[in-house]
K.L.:
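Shown below is the structure under consideration.
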Amino acid sequence: MIHPGAAAKAAALAAAQAAAQAAALVAVLLGGGLASNPAVAQDTSQGQVRALIEARRHAVLSSEIPGRIARMSVDAGQSFKAGDLLVAFDCASYQAELDAARAQLNAADVTARVNRRLNSLRSIGEAEVQLAEAKVQVARADVRKAEVQARRCEIKAPFDGRAVERRIQEHESVAAGAPLLEILSDRDLKVELIVPSSWLVWLKPGQRFDLRVDETGATLPGEVVLPGAKVDPASQSVKVTAKLTGDAPAQGLVAGMSGTAIFPEPALSALPAGNQGTPQGTAKPGTAKP
């Protein structure tokens, strides 16, 4: 027989153990979430925030016409120059339509010239001349339309860069609007920062900082280009666009690399005392040194 007091103690102990386990689980979950948040893994009191290097010019080239891919000139990772041919379609049918439109224009132009001659001899009226000239304009428009379609058979590079991913292969047929090739500029990089919203009192365009790149270990100079226009109320942070003032390609930088942006301490002295600003979810840092 179990004594009632012992049973009560056992139940209380079990409840305490369950509460402790639940608290530990919550702490683990919260700890993992904070560790995965780039805005938290930083020391804002020392002017350090996480940074992401991205390509300023990035595009996924899509098909403007339906057709069969005849050639793809670049593979993933391959460089190209602006104006280089990247994708070519099998456009025999579009070329035939262009030839037919040009022939129609030639016939309409001949008819218009003959009608003008006959009108000068008073053999036909002015209405026939105007009708023939209108047909010339229609035929000329058809030629322009066919030329546009024919030009879409070749996709050329809009800028210097590199291929990221091929979304289609040669000899495959695609519909209009199908993504074909993802490209980016590896020479026009930008830096995105997530900073505390309280930094907006001193963080202005032209503010200098040093970027320590995680992947290469290099430290490069940078400057703020444009502070964000909206503060995230949940994290009390704002996105900032910056640029590198050094030679990024020479340093082996590519889009997707990350690092730490280190701002000078004198800039932090513009903040009110005890308000260096840390995104929500971190311990409040101490006051920065002037």
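Computed from a predicted structure; not experimentally measured. Along the sequence shown, residues are numbered consecutively beginning with 1.
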K.L.:
So, for A132 and A112, which heavy atoms are closest and what is the spacing to 0.1 Å?
P.N.:
CB-CA, 3.8 Å

K.L.:
Thinking salt bridges, do R50 and D214 make one under a 4.0 Å N-O criterion?
P.N.:
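Salt bridge: yes.
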
K.L.:
To the closest 0.5 Å, what do you measure between CG (L200) and NZ (K204)?
P.N.:
7.0 Å

K.L.:
Students often mix this up, so state it plainly: with edges at 30° and 60°, are the rings of W199 and F263 parallel, tilted or perpendicular?
P.N.:
perpendicular

K.L.:
Are L61 and V164 connected into the same hydrophobic cluster when the rule is that any two of I, L, V, M, F, W, Y join if their side-chain heavy atoms are below 4.5 Å apart?
P.N.:
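No, V164 and L61 fall in different hydrophobic clusters.
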
K.L.:
Is it true that a side-chain atom of R167 and a backbone atom of L181 form a donor plus acceptor pair closer than 3.5 Å?
P.N.:
no

K.L.:
Give the minimum heavy-atom separation between A146 and A101, together with the two atoms involved.
P.N.:
CB-CB, 4.2 Å

K.L.:
What I want to check is whether the side chains of R140 and Q137 have a donor and an acceptor closer together than 3.5 Å.
P.N.:
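Q137 and R140 do not have a side-chain donor-acceptor pair below 3.5 Å.
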
K.L.:
Given side chains that start at C-beta, do those of I183 and F80 come closer than 4.5 Å, heavy atoms only?
P.N.:
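Side chain of I183 against side chain of F80, heavy atoms only: contact under 4.5 Å found.
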
K.L.:
Measuring only between side-chain heavy atoms, which start at C-beta, is T216 closer than 4.5 Å to M257?
P.N.:
yes

K.L.:
Give a yes or no on whether a salt bridge exists between E133 and R116, defined as a side-chain N under 4.0 angstrom from a carboxylate O.
P.N.:
yes

K.L.:
Would one find more than 12 heavy atoms of other residues, nucleotides or ligands at under 6.0 Å from atom CD of E128?
P.N.:
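Enclosed.
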
K.L.:
For P66 and Y94, work out which heavy atoms get closest and say how close.
P.N.:
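That closest heavy-atom pairing would be O-OH, 3.0 Å.
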
K.L.:
Minimum heavy-atom separation for A70 to F89, with atom names?
P.N.:
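Reported closest heavy-atom pair: CB-C, 3.8 Å.
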
K.L.:
Can you get from L193 to I262 by hopping between Ile, Leu, Val, Met, Phe, Trp and Tyr side chains that sit under 4.5 Å apart?
P.N.:
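Unlinked, L193 and I262 end up in two clusters.
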
K.L.:
Nearest 0.5 angstrom please: H171 NE2 to I69 CD1, how far?
P.N.:
10.5 Å

K.L.:
Please step through side-chain contact (heavy atoms from CB on, under 4.5 Å) for the pair K156 and V87, ending with a clear verdict.
P.N.:
CA-CA 7 Å; K156 297 183 178 180; V87 184; over 6 Å; no

K.L.:
Working to the nearest 0.5 angstrom, can you tell me the gap between C91 SG and E97 CD?
P.N.:
9.5 Å

K.L.:
With a 4.5 Å cut-off on side-chain heavy atoms, are T260 and V213 touching?
P.N.:
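In short, these two side chains do not touch, never coming nearer than 4.5 Å.
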
K.L.:
Is it the case that the side chain of E64 and the backbone of R152 share a donor-acceptor pair, with hydrogens and angles ignored and the cut-off at 3.5 Å?
P.N.:
no

K.L.:
If you define the side chain from C-beta out and look only at heavy atoms, does anything of V254 sit under 4.5 Å from R162?
P.N.:
yes

K.L.:
Test side-chain contact (heavy atoms from CB on, under 4.5 Å) on D210 and L220 and set out the steps.
P.N.:
CA-CA 6 Å; D210 290 326; L220 303 174; over 6 Å; no

K.L.:
Who pairs with K243 by side-chain contact (heavy atoms from CB on, under 4.5 Å), at least two apart in sequence or on another chain?
P.N.:
R56, E223, V225

K.L.:
Can you tell me how far apart CG (L211) and CG (L244) are? Round to the nearest 0.5 Å.
P.N.:
6.0 Å

K.L.:
Is there a donor-acceptor pair under 3.5 Å between the side chain of D90 and the backbone N or O of R68?
P.N.:
no

K.L.:
With distance as the sole test, does S73 use its side chain to make a donor-acceptor pair with the main-chain N or O of L85 at under 3.5 Å?
P.N.:
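Checked: pair present.
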
K.L.:
Would you mind checking if K239 and E192 are paired as a salt bridge, meaning a charged N to carboxylate O distance below 4.0 Å?
P.N.:
yes

K.L.:
Out of curiosity, does I65 fall in the hydrophobic cluster containing V143 (side-chain heavy atoms, cut-off under 4.5 Å, transitive links)?
P.N.:
no

K.L.:
Looking only at atom types and distance, does a side-chain atom of S258 sit under 3.5 Å from a main-chain N or O of L52, one as donor and one as acceptor?
P.N.:
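Not a single qualifying donor-acceptor pair exists.
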
K.L.:
Heavy atoms only: give me the nearest A55-L189 pair and the separation to one decimal.
P.N.:
CA-CD2, 4.1 Å

K.L.:
Using 0.5 Å steps for rounding, measure from the CD atom of E126 to the CD atom of Q130.
P.N.:
5.0 Å

K.L.:
Quick one: do F159 and L180 end up in the same hydrophobic cluster if we chain Ile, Leu, Val, Met, Phe, Trp and Tyr together by side-chain heavy atoms under 4.5 Å apart?
P.N.:
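Linked, F159 and L180 end up in one cluster.
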
K.L.:
Apply the test side-chain contact (heavy atoms from CB on, under 4.5 Å) to residues V240 and V191: give CA-CA distance (whole Å), side-chain angles for both, the deciding distance (0.1 Å), then the verdict.
P.N.:
CA-CA 8 Å; V240 173; V191 181; over 6 Å; no

K.L.:
Among D186, D160, D188, whose salt bridge (charged side-chain N to carboxylate O under 4.0 Å, His left out) with R57 holds?
P.N.:
D188

K.L.:
According to a 4.5 Å side-chain heavy-atom criterion applied to Ile, Leu, Val, Met, Phe, Trp and Tyr, with indirect links allowed, do L203 and V201 form part of one hydrophobic cluster?
P.N.:
yes

K.L.:
Quick one: does S123's side chain have a donor or acceptor within less than 3.5 Å of a partner on N119's backbone?
P.N.:
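Answer holds: no.
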
K.L.:
Rounded to the nearest 0.5 Å, what separation is found between the OG atom of S173 and the CD1 atom of I168?
P.N.:
8.5 Å

K.L.:
Of the non-hydrogen atoms in A108 and A139, which two are nearest, and what is the gap between them?
P.N.:
CB-CB, 4.2 Å

K.L.:
Within a strict 4.5 Å, meaning less than it, do heavy atoms of the V195 and V238 side chains meet?
P.N.:
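A side-chain contact under 4.5 Å exists here.
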
K.L.:
Under the side-chain contact (heavy atoms from CB on, under 4.5 Å) criterion, do V110 and R113 qualify, and how do the steps go?
P.N.:
CA-CA 5 Å; V110 169; R113 289 201 305 268; 3.5 Å; yes

K.L.:
Going by salt bridge (Lys or Arg N to Asp or Glu O under 4.0 Å), name the pairs with one or both residues in residues 71-86, residues two or more places apart or in two chains.
P.N.:
D75-R166

K.L.:
Are Q236 and D232 linked by a side-chain donor-acceptor pair shorter than 3.5 Å?
P.N.:
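There is no such pair (donor and acceptor under 3.5 Å, judged by atom type) between the side chains of Q236 and D232.
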
